[in-house]
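Chain identifiers are assigned alphabetically (A, B, ...) following the order of the sequence lines, protein sequences preceding nucleic acid strands; residue numbering begins at 1 within each chain. All values below were derived from every heavy atom in this structure, side-chain atoms included, with hydrogens, water molecules and symmetry-related copies excluded.
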Protein chains: 2
Amino acid sequence: MASHRIGALAERTGTNAATIRYYEGIGLLPRPDRQEGNQRRYGDDDVRRLTFIRRCRDFGFSIEQVRTLTSLVEDRSRSCLEARDLAHAHLVAVRTKLRELRALEKSIAQFVEVCDAECVGGPGPDCVILDDLSGKRPIASSCCGTA
Amino acid sequence: MASHRIGALAERTGTNAATIRYYEGIGLLPRPDRQEGNQRRYGDDDVRRLTFIRRCRDFGFSIEQVRTLTSLVEDRSRSCLEARDLAHAHLVAVRTKLRELRALEKSIAQFVEVCDAECVGGPGPDCVILDDLSGKRPIASSCCGTA
DNA sequence: CCTTGAACCTCAAGTTACTTCAACTTGTAT
DNA sequence: ATACAAGTTGAAGTAACTTGAGGTTCAAGG
């Protein structure tokens, strides 16, 4: 049985040690055994569990959602379909965000392009390209006229 | 000149009224005029500005980053090239976020797919798809065997 | 054996970006 | 006139951590 101290667990899972203690505090991780000098000792199960938690968090699940998911992992009498539904709901949210982000990327890229094309002669106080970002006018038109 | 009260501005921009007051408090939005009874009145400029802020926030830019961007929009004496550079830096950030989000979408979708494919016969106590998330095994394989 | 420095401990407070609440005032519709 | 929705303020609460203070414990070198 591999036994890790908090630093090793932290490194293995890419988690801050303080965050591990925090998770223990809120009951997301079980209280581990302690060695002689009161230091926490973790086993491979803990590595797996924390990896799972971190991955879910990275995926944007809230702590409460992760709690639900881990309880599903723990309690096999409950349906894996429940997990599927949770993941599916999350997928929908991710896809919405993705669509919006793509639109944003497009408009910023366009903005930068216009800048490159029209600001080369040097900027002026009447440059209007900043209006683009605030939606004052549609992107692309004249820019940087020196008064 | 269209003049909105806080509720109208909130609805138009998809922002909580409390958040609007909060933005005012931290100086992200200018203090608006007040009507007779001390209620805030906003114009179309405010609608645009808040729309811009919300858009940036939705895409993960911090309040401080948004502050920089809006100051560029506001202060015309500064170079539009500065705005270009900032926008370009933001574009890089957005693209990174996009990549991450796409990867996320892919893995959640895959997870849901595996669930759909393998859990249709009904879940069992030995369902192992949850192991996928904890990294016990690679995604995709048998699932939900009823003991 | 002793010391030194990294890693660990606890508990408290700080951070970001809001949201919620209480207690009150104003605006609007019947 | 009377509701009642929408607005006001200031303070406190929330999520999910992070940072800090002040004190142990552990592993290595002299």
Side-chain angles (χ1 to χ4, degrees), chain A residues 2-43 46-47 49-70 86 90 93 97, chain B residues 2-43 46-47 49-70 93 97 100 104:
Chain A
S3 162
H4 322 278
R5 295 195 305 182
I6 200 167
L9 180 62
E11 203 186 345
R12 280 190 166 227
T13 59
T15 314
N16 190 328
T19 304
I20 296 176
R21 294 192 201 99
Y22 167 73
Y23 284 166
E24 182 185 328
I26 61 170
L28 194 55
L29 284 176
R31 282 155 198 270
D33 291 344
R34 303 291 185 113
Q35 65 182 37
E36 275 310 272
N38 197 35
Q39 299 194 356
R40 293 167 176 82
R41 309 285 357 204
Y42 297 97
D46 296 302
V47 176
R49 181 167 184 154
L50 184 52
T51 302
F52 174 72
I53 291 170
R54 283 316 305 177
R55 198 174 300 184
C56 291
R57 292 289 301 121
D58 285 346
F59 285 2
F61 290 101
S62 74
I63 293 279
E64 284 317 306
Q65 287 177 314
V66 176
R67 215 188 281 278
T68 306
L69 273 173
T70 52
L86 201 55
H90 197 63
K97 223 172 178 53
Chain B
S3 162
H4 322 277
R5 295 195 307 182
I6 201 167
L9 179 63
E11 203 186 345
R12 279 190 166 227
T13 59
T15 313
N16 190 329
T19 304
I20 296 176
R21 293 193 201 98
Y22 168 72
Y23 284 166
E24 183 186 326
I26 63 170
L28 195 55
L29 282 177
R31 282 155 200 269
D33 292 344
R34 302 294 184 115
Q35 64 183 36
E36 275 308 274
N38 197 36
Q39 299 194 354
R40 292 166 176 83
R41 310 284 358 203
Y42 296 96
D46 297 301
V47 175
R49 182 169 184 152
L50 184 51
T51 301
F52 173 71
I53 292 170
R54 283 315 307 173
R55 199 179 298 184
C56 292
R57 291 290 303 121
D58 283 347
F59 295 120
F61 298 108
S62 73
I63 292 279
E64 285 317 306
Q65 288 176 313
V66 177
R67 211 189 284 277
T68 306
L69 269 174
T70 52
K97 224 173 179 52
E100 290 172 354
L104 174 65

For atom OH of B/Y22 and atom C1' of D/dA11, their distance in whole Å:
15 Å

For DNA chain D, which residues in residues 4-17 of chain B have a heavy atom at a distance below 4.0 Å?
B/R5, B/I6, B/G7

Drop me the distance from B/T70's OG1 to B/R49's CZ, to the nearest 0.5 angstrom.
5.0 Å

Quick one: closest heavy-atom pair of B/A10 and B/A17, and the distance?
CB-N, 4.0 Å

Which heavy atom in B/S62 sits nearest to a heavy atom in B/R57, and how many Å separate them?
CA-NH1, 3.8 Å

I want to check one thing: is the phosphate of D/dA15, taken as OP1 and OP2, less than 4.0 Å away from some side-chain N or O of A/S62?
no

Could you tell me which residues satisfy salt bridge (charged side-chain N to carboxylate O under 4.0 Å, His left out) with B/E64, sequence neighbours excluded, listed by chain and number?
B/R67

Show me the donor-acceptor pairs within less than 3.5 Å that the side chains of residues 20-28 of chain A make with the rest of the protein, sequence neighbours left out.
from	atom 1	to	atom 2	distance (Å)
A/Y23	OH	A/R54	NH1	2.8
A/E24	OE1	A/R40	NE	2.7

Whole-Å distance separating the CD1 atom of A/I53 from the P atom of D/dC17
10 Å

Name the first nucleotide and the last nucleotide along DNA chain C (5' to 3') that come under 4.0 Å of a heavy atom in chain A.
C/dC8 to C/dT10

Does D/dC17 have OP1 or OP2 under 4.0 Å away from a side-chain N or O of A/R57?
yes

Protein-nucleotide distance (B/I26, atom CD1; D/dG10, atom C1'), rounded to Å:
17 Å

Report yes if some heavy atom in the side chain of A/L29 is under 4.5 Å from a heavy atom in the side chain of A/I53; otherwise report no.
yes

Side chain to side chain donor-acceptor pair (under 3.5 Å) against A/R34, all qualifying residues, sequence neighbours excluded
A/N38

Can you name the salt bridge (charged side-chain N to carboxylate O under 4.0 Å, His left out) partners of A/R5, sequence neighbours left out?
none

With sequence neighbours excluded, what pairs up with A/Q35 under the side chain to side chain donor-acceptor pair (under 3.5 Å) test?
A/R41

Contact list please: residues 34-42 of chain A against DNA chain C, heavy atoms, distance less than 4.0 Å, in numerical order.
A/R34, A/N38, A/Q39, A/R40

Option among A/L50, A/V47, A/I6, A/D33 that satisfies the side-chain contact (heavy atoms from CB on, under 4.5 Å) test with A/Y42
A/I6

Partners passing side chain to side chain donor-acceptor pair (under 3.5 Å) against B/T19 (at least two apart in sequence or in another chain):
none

